[in-house]
Amino acid sequence: MSHHAAIAGALDAAARDAAAIGQFSAASPFTIDEAYGIQAMSIEHRCQRGERRVGIKLGFTSRAKMVQMGVDSLIWGWLTDAMIEEDGGRVDLERYIHPRAEPEVCFLTRRDITGPLTLLESVDYLEAVAPAIEIIDSRYRDFRFTLEDVVADNCSSAGLVVGPWSRNVDVLANLGVVLRIDGRTRQTGSTAAILGHPLRSLVQASHVLTRAGAVLPAGSLIMAGAATAAEAFVRGNHVSATIGALGRASFLAA
Ligand code: 0L1
Ligand code: MG
């Protein structure tokens with residue numbers, strides 16, 4: 001087994017068992033392209049266990065997230081069906097190591113994305129939009145990593161809660177974003193913080209997929225990236241995200 005395959009196996013096991021591990025890139029550096037290769041191998045392990053790819057997530061699409069994690073590049077990872085948590089339901093913390101919640105916009109696509117899109121074209125690829133919460137959960141101890149390490153770790157993808165779908169695509173430019181834990185406001189922001197406009201995440205998604213040689217089928221989810229920093233939560237917390245006119249997504253950590 002190659003060294004990169006061994007890293008992919010270790011990251012997959014850490015996610016499956018919700019057990020933190022150390023970083024890899026300090027001891028044996030790898031490039032960003034190699035990190036995406038490791039990510040692909042690690043997702044393949046999930047698919048072999050019966051999980052299905054349902055979309056992708058973009059990360060670090062806002063300054064708030066870049067500053068929080070000390071990086072300056074947009075990254076992306078895969079979402080699988082096993083990551084979907086019920087809106088308004090209970091999220092079982094046994095599945096997670098040290099989860100954090102971040103408010104996001106989620107897109108549902110209506111056409112296959114087979115190549116790079118312009119901003120104007122991107123609207124035509126949208127079926128619906130929803131308020132959402134991404135639950136990120138780095139597999140690395142203390143939530144610390146290099147850019148290469150986090151990409152290899154599928155960009156900390158762990159869970160997502162998607163609120164009510166609507167066709168409210170025209171209002172996305174500057175919606176108020178509020179993340180609450182137990183009713184107390186913990187983060188506020190605007191959808192304008194997501195690359196200037198959340199639709200730009202769709203454009204970026206088309207570019208990263210093209211670079212990866214991947215086609216995203218119609219009916220896929222795209223998480224646009226957080227407008228604010230992420231917040232840690234613990235058992236018993238009620239977590240909600242409100243995204244202006246899109247509405248609210250929420251869960252109880254159990
Ligand atoms: O914005 C993001 O979803 C980035 C996720 C990867 C980094 C992190 O764990 O914060
Ligand atoms: Mg995110």
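In this structure, Phe143 and His98 have tilted ring planes: the angle between them lies in the 30° to 60° band. By the 30° and 60° cut-offs, the orientation of the rings of Trp76 relative to Trp78 is perpendicular.
For Asp137 and Arg100, the salt-bridge test fails: no basic side-chain N is under 4.0 Å from an acidic carboxylate O. A salt bridge between Glu231 and Arg180 is absent, with no side-chain N of the basic residue lying under 4.0 Å from a carboxylate O of the acidic one. A salt bridge links Glu94 with Arg235: at least one charged nitrogen is closer than 4.0 Å to a carboxylate oxygen. Taking 4.0 Å as the cut-off between side-chain N and carboxylate O, Glu127 and Arg110 do not count as a salt-bridged pair. Salt bridge present: Asp12 and Arg49 bring a charged side-chain N and a carboxylate O closer than 4.0 Å.
The two residues Arg95 and Ala82 come nearest to each other via the heavy atoms NH2-O, 3.4 Å. Heavy-atom minimum distance, Phe30 versus Phe24: CE2-CB, 4.0 Å. When all heavy atoms of Thr61 and Ser201 are compared, the closest pair comes out as CG2-OG, 3.9 Å. In plain terms, the two heavy atoms of Val171 and Ala245 that are nearest each other are CG2-CB, 4.4 Å. Here the closest heavy-atom approach between residue Gly163 and residue Asp87 is recorded as CA-OD2, 3.5 Å. Residues Tyr140 and Ala152 share a closest heavy-atom pair of OH-CB, 4.3 Å.
When side chains are defined from C-beta on, Ile135 counts as touching Phe233, because their heavy atoms get closer than 4.5 Å. With contacts defined as side-chain heavy-atom distances shorter than 4.5 Å, the pair Asp153/Phe145 does not qualify. By the 4.5 Å heavy-atom criterion applied to side chains, Arg52 and Cys47 are not counted as neighbours. Using a 4.5 Å heavy-atom threshold, the side chains of Val129 and Arg167 count as separate. For the pair Leu79/Met223, a side-chain contact is recorded, criterion being any heavy-atom separation below 4.5 Å from C-beta on. Arg186 is not listed as a side-chain neighbour of Val178, based on a closest heavy-atom distance of 4.5 Å or more. When side chains are defined from C-beta on, Thr118 does not count as touching Val203, because their heavy atoms never get closer than 4.5 Å. Taking the side chain as every heavy atom from C-beta outward, Leu58 and Ile75 never approach each other to under 4.5 Å.
Here the OG-CG distance, from Ser220 to Asp112, works out to 8.0 Å after rounding to the nearest 0.5 Å. Taken to the nearest 0.5 Å, the CD1 atom of Ile113 stands 11.0 Å off from the CD atom of Glu121. Residue Glu102 holds its CD atom at 7.0 Å from OG1 of Thr228, rounded to the nearest 0.5 Å. The OG1 atom of Thr242 sits 8.5 Å away from atom CD1 of Ile133, with the distance rounded to the nearest 0.5 Å. Atom CZ in Arg139 sits 10.0 Å away from atom OH in Tyr96 (nearest 0.5 Å). Rounding to the nearest 0.5 Å places CG of Leu246 at 10.5 Å from SG of Cys106.
The cluster map of Ile, Leu, Val, Met, Phe, Trp and Tyr, joined by side-chain heavy atoms under 4.5 Å apart, puts Val54 and Leu202 in different clusters. Residues Ile43 and Leu209 fall within the same hydrophobic cluster, defined by Ile, Leu, Val, Met, Phe, Trp and Tyr side chains chained together at heavy-atom separations under 4.5 Å. Tracing side-chain contacts under 4.5 Å through hydrophobic residues (I, L, V, M, F, W, Y), one never reaches Val169 starting from Leu221; they form parts of separate clusters. Hydrophobic clustering, with ILVMFWY side chains joined whenever heavy atoms are under 4.5 angstrom apart, groups Ile32 together with Leu11. Residues Val123 and Leu108 fall into different hydrophobic clusters, defined by Ile, Leu, Val, Met, Phe, Trp and Tyr side chains chained together at heavy-atom separations under 4.5 Å.
With hydrogens and angles disregarded, a donor-acceptor distance shorter than 3.5 Å links the side chain of Asp149 to the backbone of Ser25. Gln23 contributes a side-chain N or O that, together with a main-chain N or O of Arg144, makes up a donor-acceptor pair within less than 3.5 Å. A donor-acceptor contact shorter than 3.5 Å is absent between the side chain of Glu134 and the backbone of Glu104. Proximity of a side-chain donor or acceptor of Thr109 to a complementary backbone N or O of Gly219 within less than 3.5 Å is detected. Under a 3.5 Å cut-off, the side chain of Ser62 and the backbone N or O of Ala226 do form a donor-acceptor pair. The backbone N or O of Ala14 sits nowhere less than 3.5 Å from a side-chain atom of Asp17 that would complete a donor-acceptor pair. Side-chain atoms of Lys57 do not come within 3.5 Å of backbone N or O of Leu160 as any donor-acceptor pair. Side-chain atoms of Gln39 never come within 3.5 Å of backbone atoms of Tyr36 as a donor-acceptor pair (strictly under, hydrogens ignored). Without hydrogens or angle criteria, Gln68 side chain to Ala230 main chain gives a donor-acceptor distance under 3.5 Å.
Environment of CZ in Arg90: sparse, with no more than 12 heavy atoms of neighbouring residues, nucleotides or ligands closer than 6.0 Å.
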Begin with the C-alpha distance, continue with both residues' side-chain angles, and end with the deciding distance and a verdict on side chain to side chain contact (heavy atoms under 4.5 Å, CB included) for Ile84 and Val161.
CA-CA 6 Å; Ile84 297 176; Val161 178; over 6 Å; no
Do Leu252 and Asn237 pass the side chain to side chain contact (heavy atoms under 4.5 Å, CB included) test, and can you show the C-alpha distance, the side-chain angles, and the key distance before you say yes or no?
CA-CA 6 Å; Leu252 175 69; Asn237 282 159; over 6 Å; no
Before you tell me yes or no, could you show the steps for Val91 and Leu93 under side chain to side chain contact (heavy atoms under 4.5 Å, CB included), namely the whole-Å CA-CA distance, both residues' side-chain angles and the distance that decides it to 0.1 Å?
CA-CA 6 Å; Val91 165; Leu93 287 198; 4.3 Å; yes
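Tested against Arg111 for a side chain to side chain contact (heavy atoms under 4.5 Å, CB included), the candidates Leu216, Asp124, Leu117 yield a single pass: Asp124.
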